[in-house]
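Structure record follows, encoded as structure tokens.
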Amino acid sequence: MATTRIAIRRVVLGGIVLALGMLTPATGGRADAAAATTTTAAAGVTSRSGSPTSTVDRVADFYGTYIDVLYDTGRGRLANALRAHYLTTDLQRSLARWETVHHRDGVLRAEGVPVRWSVVYNDSGMGHCWSRVTLTWQDPGNRTHHTHLMVQSDLATMLISGIRTDK
């Protein structure tokens, strides 16, 4: 009998956690900062979600996919296609100039491929949204360090229009 009550409580708790998760808005302003990755306490399961109408989710989608492609196959046609899809033409040209001078990937502002990434909402105004991107790197001695970027997106087109190092 006691085991049945505990099982019922767990099911009810799980239902409440799921219901609360569904109430979280997927788009708009500060809600974007909340929901790329959520851990459900009852189940201990990490889920990732996003929305094609969320500017911050699109930045996270770009960085996640771009890093996966670099990790899997290096810089090539697919990485360039992702840049063409997610970045403004002006930013693509600007990155090409930056990369010629610095001999690094302009999207990551570094050489190599990070081991982790995260994206959070920072601010919006005057037709733009700014997201903070944190890239985690691991050196050969297994020490980690981070690169912090500020990424600007145009709200009208949802394309990434600026990337700069954020200290």
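This is a predicted model, so every value here is computed, not measured. Basis for what follows: all heavy atoms, side chains included, without hydrogens, waters or symmetry-related copies.
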Check: ring-ring contact (aromatic ring centres under 6.0 Å, His included) with Phe62: which residues, sequence neighbours excluded?
Finding: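 Phe62: ring-ring contact (aromatic ring centres under 6.0 Å, His included) contacts with Tyr66, Tyr86.
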In terms of side-chain heavy atoms, does [X] have a donor or acceptor partner in [Y] at a distance below 3.5 Å?
X: Thr144; Y: Gln138; answer: no
X: His146; Y: Thr136; answer: yes
X: Ser131; Y: Asn122; answer: no
X: His145; Y: Asp139; answer: no
X: Thr147; Y: Trp137; answer: yes

Write down the atom of [X], the atom of [Y], and the distance for their closest heavy-atom approach.
X: Thr55; Y: Cys129; result: CG2-CB, 3.9 Å
X: Ala79; Y: Leu70; result: CB-CD2, 4.3 Å
X: Leu91; Y: Ser161; result: CD2-C, 3.8 Å
X: Val133; Y: Val151; result: CG2-CG2, 3.6 Å
X: Leu108; Y: Leu149; result: O-CD1, 4.3 Å

Find out whether [X] and [Y] are in side-chain contact, i.e. whether some heavy atom of one side chain is under 4.5 Å from a heavy atom of the other.
X: Arg83; Y: Leu95; result: yes
X: Ile160; Y: Thr88; result: no
X: His128; Y: Asp154; result: yes
X: Glu111; Y: Asp105; result: no
X: Leu135; Y: Tyr63; result: yes

Next on the checklist: Can a donor-acceptor pair be found, under 3.5 Å and without considering hydrogens, that links the side chain of Ser94 to the backbone of Asp90?
Outcome noted: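 Checked: no pair found.
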ask   = Are any of the side-chain nitrogens in Arg75 or Glu99 under 4.0 Å away from the carboxylate oxygens of its partner?
value =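 Looking at Glu99 together with Arg75, the answer is yes, because their closest N to O distance falls below 4.0 Å.
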Item to complete: Identify whether the distance between the nearest side-chain nitrogen and carboxylate oxygen of Arg48 and Asp57 falls below 4.0 Å.
Response: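 Salt bridge flag = no for Asp57 with Arg48.
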Distance (rounded to the nearest 0.5 Å) between [X] [atom1] and [Y] [atom2]:
X: Ser51; Y: Arg58; atom1: OG; atom2: CZ; result: 9.5 Å
X: Asp72; Y: Ile67; atom1: CG; atom2: CD1; result: 12.0 Å
X: Gln152; Y: Ser124; atom1: CD; atom2: OG; result: 11.5 Å
X: Leu159; Y: Ser153; atom1: CG; atom2: OG; result: 8.0 Å

Any idea how His102 and Trp98 line up, ring-wise: parallel (<30°), tilted (30 to 60°), or perpendicular (>60°)?
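Taking Trp98 first and then His102, their aromatic rings lie parallel (interplane angle under 30°).
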Margin query: Please tell me whether Tyr71 and Leu78 are part of a single hydrophobic cluster in this structure, the criterion being side-chain heavy atoms less than 4.5 Å apart.
Written below: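 Cluster IDs for Tyr71 and Leu78 match.
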Under the criterion side-chain contact (heavy atoms from CB on, under 4.5 Å), I'd like the reasoning laid out for Asp61 against Val119: C-alpha separation, chi angles, the key distance, then a yes or no. CA-CA 9 Å; Asp61 291 344; Val119 178; over 6 Å; no
